Amino acid sequence: MAFSKHAIVLATLLLTALLMVADAQPTPKIDCLLSCNARCAKNWRNKICNKDCNICCDKCNCVPSGTGQETRNECPCYANLVDSKTGKLKCP
């Protein structure tokens, strides 16, 4: 009797886990080039801004919508990447 209850509970948990995995769909990849061009268009160091932004976008699959510092928190991954050499924020 105890075995069948444990088997039912285990089967239910396994089925629930399988359904959760089946429902999980990967986030579609954004167009980093387009997003970074928009973000860096008015930056006085446009080429460097685009280079760093594209690196950050590839890692985070996200670029903040605005062009200023006030929108950085829209994408926490992007906002918190640090340059390993300087220790400063990497993403423009």
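For reference, positions follow the sequence shown, starting with 1. What you are looking at is a predicted structure, and each value in this text was computed from that prediction instead of being measured.
Listed by chain and number, the residues in a side chain to side chain contact (heavy atoms under 4.5 Å, CB included) with I30 are C32, S35, C57, N61, V63 (sequence neighbours excluded). Every residue meeting the side chain to side chain contact (heavy atoms under 4.5 Å, CB included) condition with N80, not counting sequence neighbours, appears here in chain and number order: P76.
With no hydrogens or angles considered, a side-chain donor-acceptor pair links N50 and N46 at under 3.5 Å.
Smallest separation of non-hydrogen atoms from C49 and P92: O-CG, 3.4 Å. Nearest approach of R45 to N43, heavy atoms of both residues: N-OD1, 2.6 Å. Considering all non-hydrogen atoms of both residues, R39 and Y78 come closest at NE-OH, 3.4 Å.
Rounding to the nearest 0.5 angstrom, the gap separating the NZ atom in K47 from the SG atom in C40 is 13.5 Å. Atoms SG and NZ, from C91 and K59 in turn, are 8.0 Å apart once rounded to the nearest 0.5 Å.
Looking at K90 and D52, a side-chain N of the basic residue comes within less than 4.0 Å of a carboxylate O on the acidic one, giving a salt bridge.
Residue-environment remark: NZ (K88) stays at or below the threshold of 12 foreign heavy atoms within 6.0 Å.
By the SG-distance test at 2.5 Å, a disulfide connects C60 to C77.
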